[in-house]
Structures are given as structure tokens and as C-alpha cells.
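Right, one structure below, let's go through it.
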Amino acid sequence: MLDTLGGVEPGARKWTELAPDQQARLLDEYRLAYLAEVPVNWCPALGTVLANEEVTNDGKSERGNHPVYKRPMKQWMLRITAYCERLADDLELVDWPEPIKLMQRNWIGRSEGAEVHFPLAYGSAQSPDEIITVFTTRPDTLFGATYMVLAPEHPLVGSITTDAQSDAVKAYQSQAAARSDIDRQADAKEKTGVFTGAYALNPVDNDKIPIWIADYVMMGYGTGAIMAVPAHDQRDFDFARQFDIEIKPVVLPTQDWLKHHAPEGCDKEDVHDLMAHYVAAANTFDAAFGGTGAGINSENDEVSLNGLLTPDAKSAMSDWLKRRGFGKATIQYKLRDWLFSRQRYWGEPFPILHAPDGHIIPVNEADLPVALPEMDDFKPSASDDPDAPPQTPLSRAPASWKTVEVNGVKYARELNTMPQWAGSCWYYLRYLDAHNEDRFVGEEAERYWMGGNGIDLYVGGAEHAVLHLLYSRFWHKVLHDLGHVSTPEPFGRLFNQGYIQAYAYTDQRGVYVDAEKVQDNDGRFTFGGEPVSREFGKMGKSLKNAVGPDDVCEKYGCDTLRLYEMYLGPLDQSKVWNTRDIVGVHRFLQRLWRNFVDEETGELLVTSDRADEALKRKLHKTIKRVTDAMDAMAFNVAIAALIELNNELVGLKTIPREVAENMIPLLAPSAPHICEELWQRMGHEDSISTTNWPTHDPAMLIEDTIEYPVQVNGKLRGKVTVPTDADDAAIEAAAREDENVAEHMAGKTVRKVIVVPKRLINIVVG
RNA sequence: GGCCCUGUAGCCCAAUUGGCAGAGGCACGCGACUUAAAAUCGCGCCAGUGUGGGUUCGAGUCCCACCAGGGCCA
């Protein structure tokens with residue numbers, strides 16, 4: 001095991017046999033928190049570095065939209081990559097929306113493939129400096145690798161470049177450094193690159209293949225080097241055509257693909273001719289074939305992929321690579337380690353001390369937590385200059401805070417702080433036992449609240465998919481491994497609520513105007529007499545379309561506001577705020593009140609009278625519907641069912657107590673105030689929040705008779721009512737007796753009769 | 001460019017997961033109450049489910065293609 005780790009003496013087997021620096025290096029390979037000199041996202045305007053997750057697609061900071069630059073800096077990292085596999089696999093354990101799971105899987109970016117070692121053509125292949133390792137998801141195309149590409153920053157570039165190519169390579173390297181990753185990854189047809197003058201050997205056939213550098217290969221992804229298979233990868237194809245490199249097909253495309261991409265002059269109907277043409281001159285086709293198919297041109301003395309379908313070819317090649325020591329099947333992830341330090345004041349200080357000789361120790365446990373020093377000026381040092389040295393606010397802290405003496409040695413405090421995510425990674429655990437002075441959460445409290453599958457229900461926005469929700473899963477797993485928490489996952493069930501949207505209005509210059517002051521004149525919208533155009537978007541300040549909840553509360557009460565928000569529509573979808581509709585739920589509450597309380601006298605109308613059979617059935621049906629809907633978080637449906645029941649009560653002089661006692665608790669979560677008031681008036685001394693959720697009587701849901709729709713050939717032709725316990729034959733007989741049904745069956749042969757119990761009857765004739 | 005979500009009445013939304021397209025609300029119309037209006041109560045109105053195919057006895061629901069809106073990743 002130790003042998004496989006970098007820099008360890010062969011033969012060393014025991015920890016104590018290792019030199020201190022070897023021990024340190026080994027530990028560093030495994031530490032979950034480590035310092036590293038890495039290319040980071042530096043945002044001079046914010047005066048801080050940012051995690052990949054905090055940088056938008058167009059290279060701006062997620063907060064504030066400022067430009068972000070790559071630059072190397074020594075920073076704290078958290079080794080989230082050590083948990084890649086479990087973070088991906090354990091998504092199986094949780095009840096989350098599939099799109100969020102998918103986003104996390106994509107972000108983690110698991111890909112199966114193989115690593116392949118390409119020896120340099122002139123080297124002895126003994127030293128690691130003479131081997132280029134690449135990762136590929138398509139080891140089956142190895143016979144088609146006709147060149148290699150290193151990222152311009154790849155450490156081998158300097159040593160392999162020939163003198164003749166040296167100037168060109170250096171010029172290209174500095175040109176590439178000036179481009180952003182986003183730029184470099186953009187699918188430009190025009191590829192750039194420079195030949196290093198060096199060659200590698202393709203391990204499958206010992207062919208000498210040229211080594212290029214090109215900026216479409218990124219150092220931060222995979223090994224920073226690729227084997228290029230131009231026949232089967234579009235970017236490699238574009239590159240090879242541009243620089244006139246051999247394009248060797250090793251997978252046979254589908255007929256459709258050949259037809260579609262063949263050059264002019266081919267007989268597109270003659271499959272054999274197309275294939276022959278492709279094998280002879282794949283470079284004349286207009287694209288790379290990236291799909292799967294049978295292998296061709298892929299054979300050496302020991303292994304043949306010819307005729308094998310892609311999955312089989314992949315494993316055959318991986319096996320061969322492993323047998324010959326040229327590589328092995330492996331899994332690669334897109335997720336990078338998490339850049340965990342920030343140059344901000346408002347963040348948790350690291351409990352870390354730096355010794356004068358550079359070694360690092362943790363702050364003594366008795367001195368935890370490390371509190372931020374009081375400072376007058378705690379702003380980050382913002383700058384327009386991307387090369388300005390980072391200045392953390394804590395570097396301006398009093399010397400008494402910055403220096404700590406331990407055993408006579410003066411240590412310097414770490415002056416970076418943790419990112420805002422640090423707190424959200426574990427707050428849910430602290431909330432369980434917030435006053436515990438001994439532990440971050442007591443074991444008993446943790447088991448009680450988190451037991452089973454973690455937090456029962458976590459409601460939040462989808463924007464956290466690859467930030468908070470990934471980071472906190474990582475921390476939770478670390479805590480789980482250390483035995484501090486009992487579940488492998490923090491959030492058993494996740495629910496994403498949608499956004500509230502509202503109409504927004506722009507004037508003729510395209511500037512947003514205050515939506516509340518816009519007048520609607522039969523679909524023509526004006527603001528201060530000027531016409532404005534209406535659009536639509538997430539409610540908020542930027543679109544000037546926010547509706548203050550205070551106004552709604554003031555006018556209708558907060559039960560109405562609450563009810564309205566729940567009634568808008570499915571919780572997980574974005575919904576339009578339409579002030580006009582509020583009166584609907586407000587009327588419901590007023591009607592409810594009038595049903596229960598005499599408006600004139602204020603007398604409670606709930607009596608001990610028995611409910612009649614129909615009302616009882618309605619009640620129990622409602623209990624079931626509301627219960628099911630609340631479980632499914634379909635609050636809009638639950639409220640609709642209660643409105644329906646309430647409408648049934650309108651004609652009654654008094655409300656039977658058995659109805660009231662069940663109905664009010666059903667509504668209480670949605671309209672707590674009015675329900676509490678009615679509950680008290682009904683004679684209860686305890687709050688309604690302490691009462692049990694009503695349960696329905698299944699017997700009350702069973703009807704004596706059922707009305708069946710009768711279809712003939714799938715079209716509704718009649719309806720029959722039969723006793724609930726009628727058997728199929730009886731139902732069918734009843735159906736045939738219906739006049740209209742009989743008419744549509746007249747003179748035809750019955751082919752089939754489908755009786756779906758409690759649903760319908762379909763008679764197929766022909 | 002790839003992937004994901006959504007599309008049902010003038011509007012917001014339901015539809016027991018493949019079984020009668022309508023629960024509820026808004027808006028609108030008519031009627032009752034009222035001197036009148038508001039409020040209230042009653043009654044009514046409107047779509048064949050974005051488009052085109054397919055599977056099925058039967059499709060809003062499943063499959064394929066396309067269109068539109070929103071999102072994620074390049």
C-alpha cells in the first residue's frame with residue numbers, strides 16, 4: 001500500500017521507519033484540510049478568492065457579477081474529492097427531486113474509463129518523467145490515437161520540447177495563460193496549438209505519435225493530457241483537420257451517420273461503398289463519429305477489438321492495458337477539491353497557528369472557538385488590479401490577536417477565514433441542541449432528531465443544488481465516519497419550492513417602473529400616463545415588482561396571506577402572484593366564520609346535533625383528501641377540499657360538533673389564527689396545535705352503489721348504476737341494457753368486454 | 001450544442017398515476033335579497049389537454065419528433 005504512494009522509500013513498511021518529511025508528505029496526501037498552491041479564482045473587486053461553484057459561466061462572481069481571474073495562491077483546501085464516490089452513490093439513499101440529484105451527479109461528474117500510459121519515444125520508459133498518463137472514457141479507440149495533446153501548463157512541456165520548437169511553444173504558453181478557462185472550453189471550430197517536437201509511442205502498436213500542446217486541454221481536468229482520437233472526438237477531429245494529422249477510424253459508424261456525413265460524390269445509397277470510403281478516408285467526412293459500434297482497424301499480436309461492440313471493446317482493452325502494465329480501468333470525477341479560504345472578515349477564523357519555521361499546529365482545544373477580533377475597518381481590500389497582492393482584513397487585526405504564544409514559541413494566527421458555506425454545513429445539527437456546552441450536538445438529541453434517515457423534510461431553493469447541498473453532505477459524511485452523527489446523509493427528504501413570480505413593467509427606455517403604480521386599462525398598461533410594456537419574472541427588487549406582505553396582512557389578515565400563498569399552486573413550481581385572486585381565499589375564511597358563528601349575536605353555531613349520512617360521508621372523504629394532499633405537499637389541493645366542505649355547510653343552520661371538531665384541525669396548519677379562535681370558542685382550553693390530526697373512517701368512504709361509465713370501442717355511450725358488490729357479469733349485463741349502448745352495439749360482434757372494477761366498462765365490438 | 005422541468009377553460013390550477021377531462025378559486029353573465037349599491041346566497045358560462053405521429057380496448061398521463069417558456073451544464 002505504502003509503495004503506491006509518492007516519494008516513499010521502497011521497502012519501508014512501518015510508519016516509524018519513515019523519515020519525518022515522508023510521514024508529513026504521506027499525511028498531506030490524506031488530510032481533509034490542506035494548504036496548497038493552486039490556481040484560484042481571484043476576484044479583485046471583492047478582494048477575495050472564490051470556489052468554482054461561486055463563479056458563473058461567463059467568468060463572473062456569483063455575488064455582485066464582478067470579473068474573476070485565475071491566479072496561483074496558497075490556500076486552504078478541503079478534500080471533498082475523497083468522498084466523490086459516496087457523494088454520488090448515496091444519492092440513492094435520499095428522497096430528493098430527481099433533477100437535483102441529476103445536477104449533483106453531473107457536477108460530481110463520474111466517468112468510467114481507463115488511464116493509459118504513453119511512453120516518450122526517445123525515453124527508457126522507466127522514469128515517471130518519461131511517461132505521459134492520460135484518462136480516456138473510450139479506451140476502445142486507443143488504436144485510433146494518432147497524436148497527443150498536453151495542456152500548455154503541463155509540467156512535462158518544458159522537458160520534452162525540442163530546441164527547434166522551443167520559441168513557438170513558449171509563445172503559445174503565454175498566449176494561453178491570458179485566456180480564461182471558459183474561453184478555452186468554448187466549442188470554437190478554429191483550434192489553436194503548437195507541436196512540441198516530441199513523440200510518444202502508442203502502447204498498442206508502438207506507432208510514433210506527435211505530442212502537441214493546445215489550450216482546449218485543461219490542466220485542472222483529468223491529468224492535463226489527452227490521447228487524441230480524431231476519428232471519434234469532434235474537437236480532436238477539428239484539430240487534426242486543421243493541422244493535417246492522420247485521422248484513423250477504429251469504430252464503424254451507423255449507416256444513417258455515414259449517409260448524413262459522407263462527402264459529396266459518394267453514392268449515399270450504397271452502404272458498402274460508404275463503409276469502404278469511410279475506412280479509406282475518414283478525414284473526408286464532415287464530422288467525427290462519437291457514437292458506439294463495432295471496432296475496426298484495432299488489432300495487435302495480443303488483442304483484437306475488431307468486430308467487438310464498444311462496451312466489450314472497452315473492457316477487452318482495459319484488461320490488455322492492465323496485463324501489460326500500460327494502464328488500467330479507472331473512474332474519474334469532475335469534482336475538484338473545495339477551495340476553503342476567503343479573504344473576508346465575516347467568516348469563521350481557522351483554528352490554526354503557523355510556527356516561525358513554517359510548520360502548522362491546531363489551536364489548543366481549550367482555546368476554542370477562535371473568536372474574530374474587534375476591528376473598526378473590516379472591509380476586504382478591493383482592487384481593480386488583478387495582480388494586486390491579496391490582503392486579508394485580519395492582517396490588520398491587533399498584534400495581540402494575531403500572535404499566540406504556545407510553550408514559549410510565538411505562533412502567527414491563520415489570517416484567512418472560512419467561506420459562508422462553513423456555517424450552513426452543520427447549523428442543522430447545532431439547532432438540535434443549541435445550548436449544549438460540551439458537544440456540537442448531544443448524542444441523544446442527534447439520534448432523536450436525525451435518527452432514521454436524517455432530517456425528515458428540508459425545504460429550500462434549487463439554487464443550492466451544487467453548493468450548500470453538496471458541501472453539507474460532505475461534512476456530514478466526515479462527521480459520520482468519525483462517529484459523531486448516526487446517519488450517512490443529512491437530509492432524508494428534500495423539497496424545492498418554486499419562485500413567486502409577478503408581472504413587471506418597463507417604460508420605453510427599457511427601465512423597470514414600480515409595478516404597483518402601473519394602471520391597467522383593458523390590457524393597456526400605463527405608468528404616469530406613459531405606456532409601459534408588461535413582462536414577467538421572479539418577484540423582487542430588481543424588477544420592481546415585489547408585493548409587500550405587510551400590505552396584504554393589513555388588508556386581509558395574515559391567515560388570508562398564508563392561505564393564498566399555499567393555494568397559489570403546487571409548492572414545487574414557480575407561480576404567479578396575482579393580487580386579484582386573494583379575495584377568493586379571503587371569502588372562504590369569511591364564509592367559514594359565518595358558518596360557525598352567528599354574525600348578529602356572535603353565538604357559536606356548533607351543536608351536538610348529529611350530522612346526516614351525506615354530510616358524514618363528505619367529512620370523512622375530506623379528511624382523507626386533506627391528509628393525502630398534505631402528505632404530498634399539495635397544499636392547494638388540501639385547501640380546495642376544505643373549501644368544498646365549507647361550501648356544503650353554507651345552507652345549514654347549525655354545524656354538527658363531529659364535523660367541526662374534525663374540520664377545524666384540518667385547516668389549522670393553513671389558517672392558524674382563525675382556527676385557534678374557533679377552537680377556543682368550541683370550548684377547548686388547550687391550543688389547537690396540541691390536538692391530534694383527524695383520521696377518517698374507511699367505512700364511510702364506501703358507497704352502496706357505483707355509477708359506471710360505459711364505453712363502446714373506447715367512446716362514452718352511457719352510464720349505469722349498480723350495487724357496489726356487483727360482480728363483473730352483473731355489471732356487464734347492466735351495461736348491455738342501456739339503450740344508447742345497445743344501439744351502438746347493434747348488429748356488431750362483441751370482441752371483448754373490459755370491466756375495470758370501480759372505474760368503467762368498455763365493450764369492444766367490430 | 002447536450003440534459004432536465006413545464007405546457008389542461010379568458011386566467012390560476014385539479015384529474016385516485018393508463019380509465020367519464022373538472023375539485024377549488026379568479027374573472028364574466030343571470031337571478032334572489034336591497035329604494036339602490038356593496039356584501040351575501042343561488043344558478044350559469046367556457047377547453048378536448050402546445051403541434052404531429054405511435055403504443056393501447058382506452059392516452060392529459062407512456063414512447064418518438066417538433067414548437068414555446070423556464071432551468072442546469074457546456
Side-chain angles (χ1 to χ4, degrees), chain A residues 52-53 56-58 97-109 181-189 216 218 221 234-235 287 290 334 461-463 465-466 496 498-499 501 503 523 535-538 563-564 566-588 590-591 593-595 599 618 621-622 624-626 628-629 632 634-648 650-651 701 706-720 750-766:
Chain A
N52 290 337
E53 290 84 346
T56 60
N57 275 343
D58 42 337
E98 280 306 319
I100 298 287
K101 288 189 180 187
L102 192 69
M103 279 161 66
Q104 285 214 353
R105 285 201 186 96
N106 288 341
W107 189 263
I108 294 165
D181 279 11
I182 311 295
D183 240 15
R184 287 169 55 170
Q185 285 175 65
D187 267 343
K189 279 278 172 197
Y216 76 91
M218 236 61 58
Y221 187 72
Q234 190 61 43
R235 288 183 308 178
K334 204 168 83 185
E463 69 273 16
V466 293
N496 293 125
Y499 298 117
Q501 301 178 311
Y503 289 117
E535 41 181 271
F536 181 65
K538 187 171 154 186
L563 208 55
Y564 172 66
M566 293 180 159
Y567 193 60
L568 271 172
L571 185 61
D572 59 345
Q573 275 168 37
S574 290
K575 289 146 300 197
V576 187
W577 185 274
N578 202 338
T579 313
R580 197 176 68 176
D581 291 347
I582 291 177
V583 296
V585 285
H586 190 236
R587 281 179 198 153
F588 162 53
Q590 290 179 312
R591 189 178 298 171
W593 186 262
R594 284 195 307 271
N595 282 338
E599 274 195 295
K618 186 82 191 171
K621 232 167 133 178
T622 304
K624 178 160 168 47
R625 283 175 67 192
V626 173
D628 291 349
F635 302 128
N636 52 329
V637 182
I639 292 164
L642 285 163
I643 292 176
E644 205 181 326
L645 177 61
N646 191 49
N647 289 346
E648 292 283 314
V650 164
L701 303 185
I706 297 182
E707 188 186 56
Y708 277 90
V710 184
Q711 296 181 343
V712 179
N713 285 351
K715 290 203 173 66
L716 184 68
R717 297 301 183 192
K719 291 185 179 184
V720 294
V750 174
R751 308 254 179 230
K752 203 171 179 182
V753 177
I754 294 144
V755 178
V756 186
K758 292 179 184 156
R759 291 275 184 273
L760 56 52
I761 306 149
N762 187 13
I763 300 170
V764 185
V765 298

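No hydrogens, no waters, no symmetry mates; every other heavy atom, side chains included, goes into these values. Note on naming: letters A, B, ... go to the chains in the order of the sequence lines (proteins, then strands), and numbering restarts at 1 for each one.
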Handout entry: Side chain A/K618, main chain A/L645, donor-acceptor under 3.5 Å
Key = no
Problem - Interatomic distance, A/N106 CG vs B/G71 P [rounded to whole Å] - result: 18 Å
Practice task
Scan A/N636 against the nucleic acid and name what it touches under 4.0 Å (heavy atoms): base, sugar-phosphate only, or nothing.
Solution key: sugar-phosphate
Practice task
Searching all strands shown, indicate the nucleotide that pairs with B/A65 (Watson-Crick or G-U wobble; both distances under 3.5 Å).
Solution key: B/U51
Problem - Side chain of A/W107 (C-beta onward), nearest among B/G24, B/C73, B/A27 - result: B/C73
Exercise for the section: Taking atom P in both B/C4 and B/G22, compute the distance separating them and give it to the nearest angstrom. Expected result: 33 Å
Handout entry: Under 4.0 angstrom between A/R591 side-chain N/O and B/C41 OP1 or OP2
Key = yes
Exercise for the section: For A/R594, answer base if it contacts any base atom (sugar-phosphate contacts may also be present), sugar-phosphate if it contacts only those atoms, and nothing otherwise; contact means non-hydrogen atoms under 4.0 Å. Expected result: sugar-phosphate
Practice task
Just call it for A/K719: base, sugar-phosphate, or nothing, with non-hydrogen atoms closer than 4.0 Å on any strand.
Solution key: base
Exercise for the section: Could you pick out which residue, A/Q711 or A/E98, lies toward the 5' side of RNA chain B when each is mapped onto its nearest nucleotide? Expected result: A/E98
Practice task
Rounded off to whole Å, could you give me the CE-to-C1' distance for the A/M566 and B/C12 pair?
Solution key: 17 Å
Exercise for the section: Please name the pair of heavy atoms, one in A/F588 and one in A/L642, separated by the smallest distance, quoted to 0.1 Å. Expected result: CE1-O, 3.9 Å
Practice task
Give a yes or no answer on whether the side chain of A/Y708 reaches the backbone of A/K758 with a donor-acceptor pair at less than 3.5 Å.
Solution key: yes
Handout entry: Integer angstrom distance from the C1' of B/A21 to that of B/U34
Key = 40 Å
Practice task
Taking only the side-chain heavy atoms of A/A640 (C-beta and beyond), determine which of B/A23, B/A14, B/A27 contains the nearest atom.
Solution key: B/A23
Completion exercise
Against the side chain of A/R759, the closest entry in B/A27, B/G19, B/G25 is B/G19
Practice task
Answer syn or anti for B/G60, where the cut-off is 90° from 0 on the glycosidic torsion.
Solution key: anti
Practice task
Between B/C45 and B/G53, how far apart are the C1' atoms? Round to whole Å, please.
Solution key: 35 Å
Practice task
Evaluate the side-chain proximity of A/V755 to A/I761: yes if any heavy-atom separation is below 4.5 Å, no if none is.
Solution key: yes
Exercise for the section: Could you state the atom-to-atom distance from CZ of A/F635 to P of B/G24 in whole Å? Expected result: 21 Å
Exercise for the section: Begin from the C-alpha positions of A/V650 and A/R594 and carry the test side-chain contact (heavy atoms from CB on, under 4.5 Å) through to its verdict. Expected result: CA-CA 8 Å; A/V650 164; A/R594 284 195 307 271; over 6 Å; no
Practice task
Please check the phosphate of B/A27 (OP1 and OP2 only) for any side-chain N or O of A/R587 closer than 4.0 Å.
Solution key: yes
Handout entry: Nearest-angstrom distance, P atom, B/A9 to B/C73
Key = 32 Å
Handout entry: A/T622 vs A/E644 side-chain heavy atoms within contact, under 4.5 Å
Key = no
Exercise for the section: Please tell me if the side chains of A/L568 and A/N636 come closer than 4.5 Å, counting only heavy atoms from C-beta onward. Expected result: no
Problem - Between B/A15 and B/G60 - P atom distance, rounded Å - result: 15 Å
Exercise for the section: Could you check whether A/P97 gets within reach of a base, just the sugar-phosphate, or nothing at all, counting any heavy atom under 4.0 Å? Expected result: nothing
Practice task
Determine the contact category for A/L568: base if any of its heavy atoms lies under 4.0 Å from a base atom, sugar-phosphate if only primed atoms, P, OP1 or OP2 are that close, otherwise nothing.
Solution key: sugar-phosphate
Problem - Listed nucleotide nearest any side-chain atom of A/N647, set B/G24, B/C57, B/G19 - result: B/G24
Exercise for the section: Measure the distance from CZ on A/R105 to P on B/C4 and round it to the nearest whole Å. Expected result: 13 Å
Practice task
Would you classify A/D628 as touching base, sugar-phosphate or nothing, given that sugar-phosphate means primed atoms plus P, OP1 and OP2, and contacts are heavy atoms under 4.0 Å?
Solution key: nothing
Practice task
Give none if B/G18 has no partner; otherwise give the nucleotide forming a Watson-Crick or G-U wobble pair with it, both distances under 3.5 Å.
Solution key: none
Problem - A/D581 and A/Y567, any side-chain heavy atoms less than 4.5 Å apart - result: no
Exercise for the section: Compare all side-chain heavy atoms of A/E98 with those of A/K101 and state whether any distance is below 4.5 angstrom. Expected result: yes
Practice task
Looking only at side-chain atoms of A/V650, point me to the closest of B/C57, B/G42, B/A23.
Solution key: B/G42
Exercise for the section: Provide, to the nearest angstrom, the distance between the CZ atom belonging to A/R235 and the P atom belonging to B/G1. Expected result: 17 Å
Practice task
Select base, sugar-phosphate, or nothing to describe what A/L102 touches, counting heavy atoms under 4.0 Å on all strands.
Solution key: sugar-phosphate
Practice task
Could you give the distance separating B/G71 and B/G10 at their P atoms, to the nearest angstrom?
Solution key: 27 Å
Completion exercise
Its glycosidic angle compared against 90° from 0, B/U17 adopts the form syn
Problem - For B/G1, the Watson-Crick or wobble partner whose two distances fall under 3.5 Å - result: B/C73
Handout entry: Gap in Å between the two C1' atoms, one belonging to B/A14 and one to B/G54, rounded
Key = 28 Å
Handout entry: Minimum-distance nucleotide to A/M103 side chain [options: B/C72, B/C57, B/G24]
Key = B/C72
Exercise for the section: Would you kindly check whether a donor in the side chain of A/D581 faces an acceptor in the base of B/C26, or vice versa, at under 3.5 angstrom? Expected result: no
Practice task
Name the nucleic acid region contacted by A/I754, choosing base, sugar-phosphate or nothing; use a 4.0 angstrom heavy-atom cut-off, strictly under.
Solution key: base
Practice task
Can you tell me the distance, in whole Å, between the CG atom of A/L642 and the C1' atom of B/C13?
Solution key: 17 Å
Exercise for the section: Ignoring the backbone of A/N762, work out which of B/G24, B/A14, B/G19 is nearest its side chain. Expected result: B/G19
Problem - Nearest listed nucleotide, side chain of A/P709, among B/C20, B/G42, B/A27 - result: B/C20
Practice task
Round to the nearest Å and state the distance from A/K334 atom NZ to B/C72 atom P.
Solution key: 14 Å
Exercise for the section: Could you give the distance separating B/C11 and B/C43 at their P atoms, to the nearest angstrom? Expected result: 25 Å
Fill in the blank from the handout: The residue, A/Y567 or A/L716, whose nearest nucleotide of RNA chain B is more 5′ is A/L716
Exercise for the section: Nearest whole angstrom, please: distance from the C1' of B/C4 to the NZ of A/K101. Expected result: 15 Å
Handout entry: Counter-base of B/C33, judged by Watson-Crick or G-U geometry with both distances under 3.5 Å
Key = none
